[in-house]
Amino acid sequence: MSLSLRDMLAAYLTAAALVAVGFGLLRAALGLGMARRLSARQTLRVGRVTLGLAVLLPFGALAVRELLPVAPLFTFERSLVRYTAPLALPEARPSRGAVSGPAAEDGGVPDAVPVVALGLGVGALGFLAWELRRYSRLLRELQALPLLRRVGRVRVVLGTPEGGAFSVWFPGRGAWVVVPASVLEDAEAFRLTVRHELQHHRQRDTVLAYARLGFDSAFFWHPFARLFSRWLADCQEFACDEALVTGPRVPAEAYARCLLQASLRVPGALSLPAGVTGMSHPTVRRIHMLFEPRPRRSGRALGLVFSLTLVLAPLALWAQGAARGRTVSLTEARALATAGQKEGDLPVVVDATVVEQLNRFVTTPKGRDFMRKALANLAVHREALTGTLRSKSLPEGLLAVAMVESAVSNLPETSREPSLAPGQRGAGVWMFIPETARRHGLKVEAGKDERLDVARETEAAAALFQALHGRYGDWRLALAAYNQGEGVVDRVLAETGVRDVSELTRTGKLNGYTSTVQAAVLVLRNPHLLD
């Protein structure tokens with residue numbers, strides 16, 4: 001799982017929480033008296049802005065975090081391994097024949113985040129597909145209805161007697177107003193019904209319906225999101241009512257009679273796709289609103305929006321920090337690699353895959369447990385391992401290979417202890433497979449397995465590292481060959497002509513072993529990341 005997917009899911013879940021918080025705060029403010037101080041149209045605008053803030057603030061906080069990393073997570077002074085002396089790069093030596101690298105079973109740290117993200121994505125797409133299918137069916141039905149008149153680009157069509165009035169817009173296919181056949185008997189009711197539905201088009205409710213559809217799809221599982229969406233639908237109706245009766249051409253009394261008659265004709269809710277406007281809302285409340293005073297000053301609406309922003313914005317930033325936890329950004333990982341690099345030691349090239357692996361070590365319980373175990377075991381074997389590496393003028397950072405392969409545990413081939421190295425399982429601290437062990441002079445027989453002799457296997461590993469680095473002149477390619485074999489690496493280089501391991505890993509030509517080792521080097525140099 002990529003770091004971006006983890007962050008996006010965290011932002012999404014934060015948005016889900018803020019939707020509930022924002023809706024609760026807004027309804028509480030309106031219930032405590034703000035409803036009487038705002039017009040219906042102001043209330044609708046405040047509701048839309050609140051919904052937009054709840055959804056967009058977490059993603060905005062995520063973008064700000066990536067662009068401007070705040071409060072460094074690490075103290076470099078206590079993060080770096082202290083070296084006794086600078087190490088020189090090993091001399092290049094030609095290698096004879098391909099060498100098969102040791103490997104171990106794939107013990108990658110499992111992560112539930114991709115499963116959750118996949119489930120949410122499939123659910124959202126399923127909900128969206130269902131609603132778009134209803135839209136498509138509705139369009140076919142509208143095209144078959146009798147046309148009464150055109151008002152600009154809007155087609156007014158005649159619906160069924162038992163149906164209700166509603167308005168809808170289809171991108172590229174035009175706008176419709178549907179009026180029930182029963183209103184044709186009353187010229188005043190017909191006129192007011194058409195004016196009401198045309199007002200939905202004028203105030204862009206039918207266009208914003210698609211934003212509501214996207215919101216409903218994205219949060220299909222969220223009960224507060226559904227409540228918020230339905231409340232906004234009610235506010236749209238109130239805003240339309242208010243816009244009509246504030247003009248000179250629609251008397252409030254006549255409009256109230258029209259609403260009452262409509263409620264008697266259509267007692268239940270209309271079965272319409274999500275976002276389509278319709279007169280299936282509280283009639284009594286709408287009639288009362290027609291005769292209430294309507295405040296016109298926008299200062300209170302702006303004040304309410306500002307107050308809600310002051311609550312939601314810090315919550316979004318706090319939630320991003322809480323979700324981030326131990327997560328290391330690309331910028332911070334590169335700073336750690338630069339600060340920890342010593343002359344002659346294993347170079348670390350930080351890319352997105354390295355950061356992904358590093359965060360598996362840092363943010364997941366299994367990753368932290370594995371790395372803590374590796375560091376604890378390294379304390380036991382470190383002197384012997386580093387002594388051999390130094391004697392061969394090899395980088396001390398190669399200890400990270402033993403960390404990844406075996407958690408620096410001297411394991412037999414039959415052990416089921418986890419490993420982070422993909423491929424065939426080996427034995428010993430360096431996890432040599434039998435073929436590689438024999439090529440480097442180790443006996444692997446029924447009664448004797450010299451891979452379990454830490455000193456001898458480390459000598460063989462040092463010789464292999466020297467040969468691989470001499471062959472490729474690049475430590476990352478050498479690490480790739482250690483795991484996948486020289487044959488695989490030679491073939492990839494010949495086929496692609498590319499020597500950049502980051503690019504070869506990104507395109508799937510090489511596996512992620514090199515990235516895993518380089519992430520382990522950062523942990524080796526910064527053990528406090530596991531605190």
Side-chain angles (χ1 to χ4, degrees), residues 12 15-16 19 44 47-48 51-52 55-56 119-181 183 193-240 262 265-266 268-281:
Y12 168 81
V19 165
L44 176 61
R48 286 172 173 170
L51 181 60
V55 173
L56 297 178
L120 290 172
V122 169
L125 289 176
F127 184 94
L128 181 61
W130 173 261
E131 292 297 335
L132 290 178
R133 181 172 175 270
R134 296 182 68 197
Y135 266 96
S136 178
R137 185 167 61 246
L138 178 62
L139 176 60
R140 292 194 299 270
E141 293 173 356
L142 292 176
Q143 290 172 334
L145 293 177
L147 178 65
L148 296 177
R149 67 173 65 169
R150 285 182 179 270
V151 181
R153 297 182 179 180
V154 181
R155 280 169 274 193
V156 180
V157 297
L158 185 64
T160 60
E162 66 278 4
F166 64 92
S167 51
V168 63
W169 171 74
F170 296 94
R173 307 302 294 272
W176 272 266
V177 164
V178 179
V179 294
V183 302
T193 299
V194 171
R195 290 182 67 86
H196 174 92
E197 298 304 332
L198 288 176
Q199 181 62 29
H200 279 301
H201 289 297
R202 292 190 187 97
Q203 65 188 31
R204 303 297 182 187
D205 293 340
T206 52
V207 175
L208 293 174
Y210 291 96
R212 279 185 53 215
L213 174 59
F215 172 74
D216 291 344
S217 301
F219 297 97
F220 67 96
W221 53 272
H222 196 336
F224 285 100
R226 299 175 77 88
L227 289 174
F228 207 157
S229 182
R230 291 170 185 167
W231 180 79
L232 285 176
D234 291 341
C235 289
Q236 287 180 172
E237 298 300 322
F238 297 145
C240 272
R265 285 194 305 267
V266 189
L270 298 177
S271 179
L272 297 171
V276 175
T277 64
M279 297 181 68
S280 55
H281 304 281

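With sequence neighbours excluded, no residue forms a side chain to side chain contact (heavy atoms under 4.5 Å, CB included) with Pro223. Under the side chain to side chain donor-acceptor pair (under 3.5 Å) criterion, Ser217 pairs with no residue at all, not counting sequence neighbours. For the side chain to side chain donor-acceptor pair (under 3.5 Å) test, no residue two or more places apart in sequence or in another chain qualifies with Gln143. In this structure Arg133 satisfies the side chain to side chain contact (heavy atoms under 4.5 Å, CB included) test together with Trp130, Arg137, sequence neighbours excluded. Every residue meeting the side chain to side chain donor-acceptor pair (under 3.5 Å) condition with Arg48, not counting sequence neighbours, appears here in chain and number order: Asp205, Gln236. Partners of His222 under the side chain to side chain donor-acceptor pair (under 3.5 Å) rule, at least two apart in sequence or in another chain, do not exist in this structure. Take Leu56 and apply the side chain to side chain contact (heavy atoms under 4.5 Å, CB included) test, not counting sequence neighbours, and it matches no residue. Qualifying ring-ring contact (aromatic ring centres under 6.0 Å, His included) partners for Phe219, counting only residues two or more places apart in sequence or in other chains: Tyr12, Phe215. Every residue was checked against the side chain to side chain contact (heavy atoms under 4.5 Å, CB included) condition with Arg153, not counting sequence neighbours, and none meets it.
The heavy-atom pair separating Leu145 from Gly159 by the smallest distance is CD1-CA, 4.4 Å. Residues Tyr210 and Pro171 approach most closely at OH-CD, 3.4 Å, considering heavy atoms. Across all non-hydrogen atoms, the minimal contact from Ala124 to Ala218 is CB-CA, 4.2 Å. Nearest heavy atoms, Ala165 versus Thr193: CB-CG2, 3.5 Å. In terms of heavy atoms, Phe127 sits closest to Arg226 at CE1-NH1, 4.1 Å.
Residues Val156 and Leu147 fail the side-chain proximity criterion, which asks for heavy atoms closer than 4.5 Å. Side-chain contact between Tyr135 and Leu213: present, with at least one pair of heavy atoms (C-beta onward) separated by less than 4.5 Å. Between Leu148 and Val157 the shortest side-chain heavy-atom distance does not fall below 4.5 Å. Looking at heavy atoms from C-beta onward, Gln199 lies out of side-chain contact with Arg195 at the 4.5 angstrom threshold. The shortest side-chain heavy-atom distance between Val177 and Phe166 does not fall under the 4.5 Å cut-off. Under the 4.5 Å side-chain criterion, counting only non-hydrogen atoms from C-beta, Val19 is in contact with Phe228.
Distance CG/Leu208 to CH2/Trp169: 10.0 Å, rounded to 0.5 Å. The line from NE2 of His201 to SG of Cys240 is 10.0 Å long, rounded to the nearest 0.5 Å. Of the inter-residue distances, the one linking Ser167 atom OG with Arg202 atom CZ reads 11.0 Å to the nearest 0.5 angstrom. Between the CG atom of Leu232 and the CG atom of Asp216 there is a distance of 9.5 Å, given to the nearest 0.5 Å. Going from atom CZ of Arg173 over to atom CG of Leu142 covers 11.0 Å, rounded to the nearest 0.5 Å. How far CG of Leu139 is from CZ of Arg134: 14.5 Å, rounded to the nearest 0.5 Å.
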Test log, rule side-chain contact (heavy atoms from CB on, under 4.5 Å), inputs Thr206 and Trp176
CA-CA 10 Å; Thr206 52; Trp176 272 266; over 6 Å; no
Stepwise, does the side-chain contact (heavy atoms from CB on, under 4.5 Å) test hold for Arg155 with Arg149?
CA-CA 6 Å; Arg155 280 169 274 193; Arg149 67 173 65 169; over 6 Å; no
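Around atom CZ of Phe170, more than 12 heavy atoms belonging to other residues, nucleotides or ligands sit under 6.0 Å away.
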